[in-house]
Amino acid sequence: MHKVKTDASSVAQYDIIIVGAGLSGSVIAARCAEELGKRVLVFERRDHVGGICYDYIDEKTGVRASKYGPHLFHTDVGRVWDFVQKHGEWITYEHRVYARVDDKLVPIPVNITTVQELCDPSIKTNDDMVDWLKSNQVPCKCPSNGEEAALAQVGQQLYEKVFKNYTKKQWNKYPKELDASVLQRLPVRPDIEDRYFTDRHQALPKNGYTAFFEKLLTHSNIDVSLATDFFTFKNNIDFSKQKVFYTGPIDHYFRDSGYGPLEYRSIRFEEEYVDAEFFQEHPQVNYPGYDVDFTRIVEYKHFPNQPDIQKRKRTLIVREYSLDDGDPYYPVPTRTMASLYEKYRQLAGRENNVIFLGRLASYKYCNMDQAILSALNCFDETVSGDSAKPTLSLFVTFHKELYSEYYNGLDRHMDKVTFVAVNPARNKDIPERLKNRVIREWEQDNYDTSLQDHGYNESSTFYHVYRNALHSYADYIGFFQYDMTIDDTIIDKVLSDPDAPNTIYYQSSWLQDLSNHDFFNGVYFLNSYNEFFGTNHDITVIFGDRPYVMCASFIVHRRVYMRIAPWICSLIQDPNLLTYCEIHFAMRKQTWRSPWIGNLLERAYALALFLEPGLTAVPLGSVHSQDRAALKRGSATSRFISSYRLALRVVRMNKQFSKNPITRAATLALLICNVLTVGTSRGLEWLFVWCVDIMGRLRIIRREFSDDEFRIYSRK
Ligand SMILES: Cc1cc2nc3c(=O)[nH]c(=O)nc-3n(C[C@H](O)[C@H](O)[C@H](O)COP(=O)(O)OP(=O)(O)OC[C@H]3O[C@@H](n4cnc5c(N)ncnc54)[C@H](O)[C@@H]3O)c2cc1C
C-alpha cells in the first residue's frame, strides 16, 4: 500500500478522491484502480485503514483483536463472495453466540434449546416450539410500541429474560419507549439451529481484516493519505473534473446546513487481561440482564484466524458498553432521525460529482457484505458507466421460447436489444437470427448455479440478472416477458425522451394492474422497504391518496434498477420468509425461493419503482401474447376472464369495499374497460389508467395477512 502525505498542490493530480479507507471506500478505490486505470487518492482521518473493521495484534498476549468490535463476515451474495476471495485468503468460521441468563449459557438467537433452558424443559420438537410460542404470545394486531411488538412475538417470559433489559442497555430506552418497528422482527428460531448467521458463506480473513484492506488498497494507481481529514483539502478539489466518493458522516459533510446532527449510539470498549488460557467458553457471550452494565464480553482468542504465536496462559477480553456519545456506531431508529436523514439525502442529491455511500453517509446499519455490494453497485452505476458502454441497450428476458412475432418489429433497433435466456432447457429454441443478441446466463463465468433453484419465471429473472451482474451490459434494463411484444416504437420512445433516466416505462395494456390484487400485502412490503432503505413512507399516504398503478413489464434506467435490486434479492434470499402467490388462479403459501414467486416479485419491484423519488411513469404500448391472441380471434376471452376473476375476488374479499357504491362503480368501469381495451387494442388505454387511478384513490387495495401467514423476517 502506497502511503502519501498530502499537500494542497498534490490533490489536483488525482482523477478520483475517496473519503474514508473503510470497507466502502476501499472497495471503490480497488475497482477504480483496477478497472479504469485512474489515479485514486484515499483520505483517511484515522491513522490506519479498515474503518471499523480494523484489527491488530495485541502486544501483551499476541492475540489478534478488533479495535471497534468483532467482525464476522457472512454473505449469500455470490458476487460479494467472489470479490473478497479474489482479494485475500479466507477461512471458514461459523459464529455462535451465547447469552448468560439465570446463570445459564443459552444460545442466541433464541431457539428450542434456549426455551428448554429458560422457560419449559418439555419443549423438544419444532411443533412443540411453535405451540409454545403461540400459547405465550400476547396478540396485538397493531402494536403501538416496542414492548407490544415484542410480546406479540415471544411472549412475556422470553421478553423479560432476553429482550427487555438488553434493549434498554442497547438504546438507553425500554422497549415501551421505542417505536414498534425497532422490535418488530425479533430473531426466534423454531428449531435447534444455533449458528448466529445462516448465510452460505461465513468466514474470517486468514491474516486479519487489516491485511485484507492493505491488499485491497495496494495498486500502483492508489495513494493513501492516513491521518488526513478530507475537509482540510476540500477547497483544493476541482469538482468539475474530479469525482469524489464520500463515506464519512453525511451530517458532517453538510454541517453548515443548520439541520443539526444525526444521532448515533456509541460503544465503549473496556479491555482486561486475564491470566488464564481462556476466560469464557465461547468467543462472544451476551449479557441481557440488567445486573451488569455491559452488553457483551468478547474473547478474541477463540477466533480461528489467530497468529500462531500467542501467550498461552494469558488472554484478552473486551467488555462493551453502549453509550449516547462517542464514535458513531448504530443509527438511532426514530422517525425524527429518518426525516432528518431524508433532508440530508436531498442535499446530497444536489452535490455535483460527489457520491455518498457507506454506513455513515447513508445513515444506515449495514453488514459488511451489504457495504461491499453497495460499493460494487455504486461503481457500476457511477463510474463504469462513464466508460465505453453502449448508449442504449435493453434487456428482454425470457424463460421460454422467444417467438418471432414478439421481436419482429425490432428491425431498426435489433442491435440495441440484449435478450437474456435464463432457462437452459430452452436453449434450443433461440432463433438463429437472434443468437448473437442473447446472453445465456448459465454460460457466464460468474454464473451462480443455485439460481436455477429459484426457477425462471418472468419476474424471478429480475433476480437472475442481478445475481449474475448482467445489468452491467446495459444502460436501460427492460423486463419484458417472453411472450410480450417489443418493437421499434418502444425503443424510439425511450431514445427520444430527454428525461428517460428518470422515467419508468411500463406496459399498461396488460390489465393485471397491481393495485387491486388481494394478495398484495402492501403493508408488509412497505415496512420491509422502509427498513431496508431507511425511509419513512407512510402507508396511508402511499396507498391512500396516490394511485398505485404499476405493471409487470417495464424499462428503467440502470441506476434505478441497481437501487432497488438489492432489496428484492434480500427478500428472496431469506429462507424463512413465507408469502403467498397465485398459482393457476389459486393462492398458495410459498417460500420466496419458490419458482412460482414471480407474481409477488412483480409487486415488490413495482412498489420499489413507485417509491423511487423523482421518477415519472409513462405507459408503453406493449401487448401480451394473450391479448394478441384474443385480438386475433376477435375475442377477449382469456384476458377478460383472468381480470374479471381478479376483480371479483377483490369485491368478495373486501367487505368494506363491496359496500361502497362508488368503489363498486369504479370496479365495474374497470371491468368494462378491460373488455374494451382488450377488444380494441390500445385505443382505450387512457380509460383503463383512469379507472385504476380512481380505484387507487378509493383505497381498495389491501387485505392484511396475520403474522402467522407472513412469517416475520429478521435482519440485523
Ligand atoms: C459495532 C459493530 C460491529 C459490526 N459487526 C459486524 C459483523 O460482525 N459482521 C458484518 O458483516 N458487519 C458488521 N458491522 C458492520 C460493518 O462494520 C460495516 O458494514 C462496515 O464497516 C461499513 O464500512 P464503511 O466503509 O461504510 O464505514 P467505516 O468502516 O466507518 O469507514 C468510514 C471511514 O471514513 C473515515 N472518515 C470519516 N470522515 C472522514 C473525513 N472527513 N476525512 C477522512 N476520512 C474520514 C472514517 O475514519 C472511517 O475509517 C458492524 C458494525 C458495528 C458498528
Side-chain angles (χ1 to χ4, degrees), residues 6 17-30 41-55 66-77 80-81 84 93-97 170 196-197 199 201-205 209-210 212-213 216-217 224-234 237 244-255 264-269 283-284 295-296 298 300 303 318 320-323 326-332 354-376 378 715-716:
T6 313
I17 309 289
I18 293 173
V19 184
L23 200 48
S24 308
S26 303
V27 171
I28 286 280
L41 173 63
V42 182
F43 283 120
E44 172 51 60
R45 199 168 44 83
R46 292 180 162 121
D47 61 2
H48 59 73
V49 296
I52 60 163
C53 304
Y54 169 75
D55 55 16
S66 294
K67 187 164 179 187
Y68 310 99
H71 274 73
L72 298 316
F73 183 81
H74 55 103
T75 189
D76 259 334
V77 184
V80 170
W81 183 235
V84 297
Y93 169 69
E94 292 181 333
H95 193 50
R96 285 175 174 77
V97 173
Q170 181 87 358
Y196 197 68
F197 308 109
D199 304 53
H201 309 289
Q202 305 188 31
L204 292 173
Y209 283 99
T210 305
F212 167 73
F213 277 87
L216 208 52
L217 291 166
V224 180
S225 185
L226 292 177
T228 316
D229 192 321
F230 157 73
F231 292 100
T232 316
F233 295 102
K234 187 171 174 232
I237 292 168
V244 175
F245 290 89
Y246 179 83
T247 73
I250 193 166
D251 52 345
H252 192 55
Y253 188 96
F254 295 109
R255 59 193 178 282
Y264 279 93
R265 291 290 288 165
S266 189
I267 305 172
R268 178 166 68 84
F269 299 96
Q284 180 180 334
T295 52
R296 60 184 183 183
V298 178
Y300 285 97
F303 291 120
V318 182
E320 294 186 10
Y321 298 81
S322 188
L323 310 167
D327 270 356
Y329 285 97
Y330 297 106
V332 176
V354 185
I355 291 137
F356 293 78
L357 80 153
R359 65 178 194 102
L360 299 166
S362 51
Y363 191 57
K364 186 177 161 232
Y365 179 88
C366 59
N367 283 322
M368 287 183 280
D369 65 331
Q370 292 165 322
I372 294 173
L373 189 62
S374 301
L376 294 175
C378 177
R715 190 176 286 118
K716 192 174 166 189

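Just so it is clear, the values below take in all heavy atoms, side chains as well, and ignore hydrogens, waters and symmetry mates. Whatever order the structure lists ligands and atoms in, that order sets their numbers, starting from 1. The shown structure was predicted, so the numbers you read here are calculated from the model rather than taken from an experiment.
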- request: Look up atom OH in Y68 and atom CG in D55, then write down how far apart they are to the nearest 0.5 Å.
  value: 11.0 Å
- line: Per ring pair (Phe, Tyr, Trp, His ring centres under 6.0 Å), Y253 is matched among F356, F245, Y363 by F356
query: Backbone or side chain, does any N or O of L72 fall under 3.5 Å from an N or O of ligand 1?
result: yes
task: Check whether any N or O atom of V19, backbone or side chain, sits under 3.5 Å from an N or O atom of ligand 1, and answer yes or no.
output: no
- request: Determine, using heavy atoms of Y54 and all atoms of ligand 1, whether some pair is separated by less than 4.0 Å.
  value: no
task: With heavy atoms of G358 as the reference, note each atom of ligand 1 found under 4.0 Å away.
output: 26 (O)
- request: Report yes if some N/O of D369 lies less than 3.5 Å from some N/O of ligand 1; otherwise report no.
  value: no
query: With a 4.5 Å heavy-atom cut-off, do S26 and E44 have their side chains touching?
result: no
query: If you measure from atom 42 (N) of ligand 1 to every heavy atom of Y253, Y196, F197, F230, which option wins on shortest distance?
result: F230
query: So, does T228 sit close enough to ligand 1 that a heavy atom of it is under 4.0 Å from the ligand?
result: yes
- request: Check whether NZ of the Lys or CZ of the Arg R268 lies under 6.0 Å from the centre of the six-membered ring of Y321 and within 45 degrees of that ring's axis.
  value: yes
task: Decide whether a cation-pi geometry holds between R255 and F231; the criteria are a distance under 6.0 Å from NZ or CZ to the six-membered ring centre and an angle within 45° of the ring axis.
output: yes
Which of the ligand 1 atoms, numbered from 1, are nearer than 4.0 Å to a heavy atom of R46: 46 (C), 47 (O), 48 (C), 49 (O)
- request: Give the atoms of ligand 1, by number and element, whose distance to some non-hydrogen atom of F43 is under 4.0 Å.
  value: 43 (C), 44 (N)
message: So for ligand 1, is Y330 a polar contact partner (N or O within less than 3.5 Å, distance only)?
response: no
field: ligand 1-proximal atoms of F73, by part, heavy-atom distance under 4.0 Å
entry: neither
query: Is there at least one pair of N or O atoms, one from I52 and one from ligand 1, spaced under 3.5 Å apart?
result: yes
message: As a check for students: among C53, C366, G20, S24, identify the option with a heavy atom nearest to atom 33 (C) of ligand 1.
response: G20
query: What do you reckon, does G69 put a non-hydrogen atom under 4.0 Å from ligand 1?
result: no
message: Return the CD1 to CD1 distance between I28 and I355, rounded to the nearest 0.5 Å.
response: 7.5 Å
field: Side chains of F269 and E320 in contact at under 4.5 Å (non-hydrogen atoms)
entry: yes
task: Taking only heavy atoms of L360 into account, list the atoms of ligand 1 that are under 4.0 Å away from them.
output: 30 (O)
message: List ligand 1 atoms under 4.0 Å from I267, heavy atoms only on the residue side.
response: 1 (C)
message: Heavy-atom distances under 4.0 Å decide this one: backbone, side chain, both or neither, for P70 against ligand 1?
response: backbone
task: Look at the side chain of Y54 and the backbone N and O of Y209, then say whether any donor-acceptor pair between them is shorter than 3.5 Å.
output: no
message: Is there a polar contact, in the sense of an N or O pair closer than 3.5 Å, between E44 and ligand 1?
response: yes
- prompt: At a 4.0 Å threshold, what atoms of ligand 1 neighbour a non-hydrogen atom of G248?
  reply: 37 (C), 38 (N)
query: Which of the numbered atoms in ligand 1 are below 4.0 angstrom from a heavy atom of F231?
result: 41 (N)
query: R359 to ligand 1: N or O pair under 3.5 Å?
result: yes
- request: Kindly say whether G69 contributes a backbone atom to a donor-acceptor pair with the side chain of H71 at under 3.5 angstrom?
  value: yes
Euclidean distance, I372 CD1 relative to T75 OG1, rounded to 0.5 Å: 7.5 Å
message: Classify the ring geometry of W81 against H201: parallel below 30°, tilted from 30° to 60°, perpendicular beyond 60°.
response: parallel
query: Quick check: does H71 get an N/O under 3.5 Å from an N/O on ligand 1?
result: yes
Exam field: side chain D47 to backbone A227, donor-acceptor pair closer than 3.5 Å: no
M368-ligand 1 polar pair, N/O distance under 3.5 Å: yes
message: With nothing but distance in play, are any N or O atoms of R45 less than 3.5 Å from an N or O of ligand 1?
response: yes
message: Taking R46 first and then D327, would you say they form a salt bridge - that is, a charged N and a carboxylate O separated by under 4.0 Å?
response: yes
task: Under 4.0 Å from a heavy atom of D229: give me the atoms of ligand 1 that qualify, with their elements.
output: 40 (C), 41 (N), 42 (N)
- prompt: Listed by chain and number, what are the side chain to side chain contact (heavy atoms under 4.5 Å, CB included) partners of S225, not counting sequence neighbours?
  reply: V4, T6, L41, F43, T228
field: For C378, the option from L357, V27, L373 that meets side chain to side chain contact (heavy atoms under 4.5 Å, CB included)
entry: L357
